[in-house]
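Take a look at the structure below.
When reading the values below, keep in mind they use all heavy atoms of this one structure, side chains included, and skip hydrogens, waters and symmetry mates. Below, chain A is the first sequence line, B the second, and so on; all start at residue 1.
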Amino acid sequence: MSNPLLQVNDLVKHYPVGRTLSGRPKSVVHAVDGLSFHVDRGETLSLVGESGCGKSTVGRAILRLVDITMGQIVLDGRRIDDISQASLHPVRRRIQVVFQDPFSSLNPRMRVRDILAEPIRNFRLATGQDLERRLGELMDMVQLPRDSLGRLPHEFSGGQRQRIGIARALAAKPDLIICDEAVSALDVSVKAQVVNLLQDLQRDLGLALLFISHDLAIVEHMTQRIAVMYLGKIVEIGERRQIFGDPRHPYTVALMSALPTPDPETRRRRVTLVGDVPSPIDPPPGCRFHGRCPLAGETCRRIEPDLRQIAPGHWAACHLDDISAMTRDATV
Amino acid sequence: MTQFPSPDRTMANLAVAEALPDILPPIRRRGPVRTFIARHPTLVLGAGLLLLLVLTAVLAPWLGTLDPGALAPARRLRPPSGNNWFGTDQLGRDIYSRVIYGTRASLMVGFGVSLLSSLVGLAIGLVSGFVRWSDGLIMRAMDGLMSIPPVLLAIALMTLSRGSMGNVILAITIAEIPRVSRLIRGVVLSLRDQPYVDAAIACGTRTPMIIFRHILPNTLAPMTVQATYICASAMILEAILSFVGAGTPPSIPSWGNIMAEGRALWQVKPYIVFFPALFLSTTVLAVNLLGDGLRDALDPRMVKGV
């Protein structure tokens, strides 16, 4: 088996908060705290979790928009977390990003033509006639009319802007696109269009996607593999059917039960979590989820669980072998 | 307007709703000039007034003026009349001519200060916003600079060297630089965090191009607006400095100088002070109107299909 396209090993990102006069940080936010996963060529891995669990930081770290505190990011067998800005330049072409907010992710003063041409020129992919042809191609790919290349971003709707953002990501001919909540800000029908567009492009171009989202319905539709994050750590990772069909971490169970079912006849047991996510400045000892977990025992309060393999490709970080009590005892 | 076609439905593996037809209100056609005036009345009024003042300054010799420095002791302190439209001062100089020529001094100081302080402030603000370690240092220096009263600074400069227009501009510029650099620093800091800047970094754009392509153009609107306010306050400062005798040398007619000379007589001969004050107020008003208008007009969302 060949190397995965992207491999993240024990990624840690701490943000200092406040500084004393001597310049030492007063406290530290553990945004991402030891996280490992990989993305294969052409596959979609979803990173799901609540707001503030560190999903976006993972994306920004892979893009080298933030420097990581510890760990490794390996693209195609080569570490990219510690290389210089100069040697990073060719690597940047291979990882592109689509952001959540279609309004602030496009420079309001640049025309679509210049927005799309920017990566092409930066990576010297085309000039002159070729550039012009490529711009047309990109507009076709995202199903926008070619003659709107001369327009400014504010002339487009949210969904159209998001497609411009996707076209910009595609312009560099990347291997991996990080979709950071890329469809979360869109309304339902436009969301479906953009999701379908992403899937079609992925299939046609053989792209790998790292799909960062909190929207489980979209995640279920989009992806092959899912990683569930809680407070800077992966609590469960596996194939889609494993995560959705046989969740092995109480947090995943709670997350799944929040997903609405279209069939009104189905009565599902809803697991409602109490309390808030603990502060990432001072994460609780033991299992980070123990304060909100209905099944937490003494061990969970003291010892931090590692990811254990449950089935091939399916890993969960829970001390308990049987969490079926979670769904059985929960009130309907 | 081109209509965007609805996305191809063949891709649907999720159900996609049929795109609705675009329903746009009918466009009321007006001439481009009238549209602009209707949309930006303050901008047009401010710019019009200012243009008039610039023309006044440039065409001063041909506006029925006499030599603004010519003394005529026999005809001193005459009230406004057909010969001397704004009257004469205690040395018999024609106040109308002096006020018209004074426009030059005011505009030169106003434009000079706003241009210089914008350029320097922009550079300082960009460095401060982009080079993190320099930020604290630069901003504390700006705080220090801000704590010196501009009038005092000007007096000190005038004492150290000979009074001249250049020194007036320099003194006011130094006083105004902190305001611009703070503004630009704030804008740069907020722009740096915009997703489009992150996207540009991910697109392989290097830092100098990030600054020139993504940061600088988006600082120009707030900076232009700030420049007009600085222009207005520089004109007032120039008048104040001239009034206390630390500004434009008395040989050059400026509104502040005229008012300073008429100060002692303002209860008996109020016209000496009144006319330059009227011009000063009008100019400041024009510049402020222009600034307000620009603030609205420079919003990129107002740019219609070019």
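Under 4.0 Å is where a charged nitrogen must lie from a carboxylate oxygen, and between D198(B) and R60(A) at least one such pair does. The pair D180(A)-K55(A) does not count as a salt bridge, with every side-chain nitrogen at least 4.0 angstrom from each carboxylate oxygen.
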(request) Take T42(B) and D292(B), measure what side-chain hydrogen bond (donor to acceptor under 3.5 Å, both in side chains) needs, and give me the verdict at the end. (result) CA-CA 7 Å; T42(B) 49; D292(B) 283 346; over 6 Å; no

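Proximity to chain B (any heavy atom under 4.5 Å) is restricted, for L63(A), to the side chain, taken from C-beta onward. Of the two parts of I120(A), neither the backbone nor the side chain holds a non-hydrogen atom closer than 4.5 Å to a non-hydrogen atom of chain B. Of the atoms belonging to D101(A), not a single heavy atom falls under 4.5 Å from chain B.
Ring to ring, F123(A) and H89(A) are close: their centroids are under 6.0 angstrom apart.
Contact tally against chain B (heavy-atom pairs below 4.5 Å) for V97(A), V98(A), V91(A), N122(A): the top residue is N122(A). Of the residues considered (S104(A), G150(A), A169(A)), S104(A) shows the highest number of contacts with chain B, using heavy-atom pairs under 4.5 Å. Chain B forms more heavy-atom pairs under 4.5 Å with one residue of R93(A), R64(A), M110(A), Q85(A) than with any other, namely M110(A).
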Would you tabulate the side-chain donor-acceptor contacts of residues 111-121 of chain B under 3.5 Å, counting partners in other chains and residues two or more places apart, or write 'none'?
| unit_1 | atom_1 | unit_2 | atom_2 | d |
| --- | --- | --- | --- | --- |
| S114(B) | OG | G110(B) | O | 2.8 |
| S114(B) | OG | F111(B) | O | 3.2 |
| S117(B) | OG | V113(B) | O | 2.7 |
| S118(B) | OG | S114(B) | O | 2.6 |

Anything under 3.5 Å between a donor and an acceptor, one on a side chain of residues 220-227 of chain B, the other on a protein residue two or more places apart or in another chain? List them.
| unit_1 | atom_1 | unit_2 | atom_2 | d |
| --- | --- | --- | --- | --- |
| T224(B) | OG1 | L220(B) | O | 2.6 |

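Put simply, CG on L176(A) and CG on L207(A) are 8.5 Å apart, with the number rounded to the nearest 0.5 Å.
Under the side chain to side chain contact (heavy atoms under 4.5 Å, CB included) rule, R163(A) has a single partner from L144(A), L138(A), V190(A), L198(A), which is L144(A).
At a heavy-atom cut-off of under 4.5 Å, chain A is reached by I201(B), A202(B), C203(B), G204(B), T205(B), R206(B), R213(B), H214(B) from residues 201-216 of chain B, listed in order of number.
Remark: R182(B) pairs with D143(B) by the side chain to side chain donor-acceptor pair (under 3.5 Å) rule, at least two apart or across chains.
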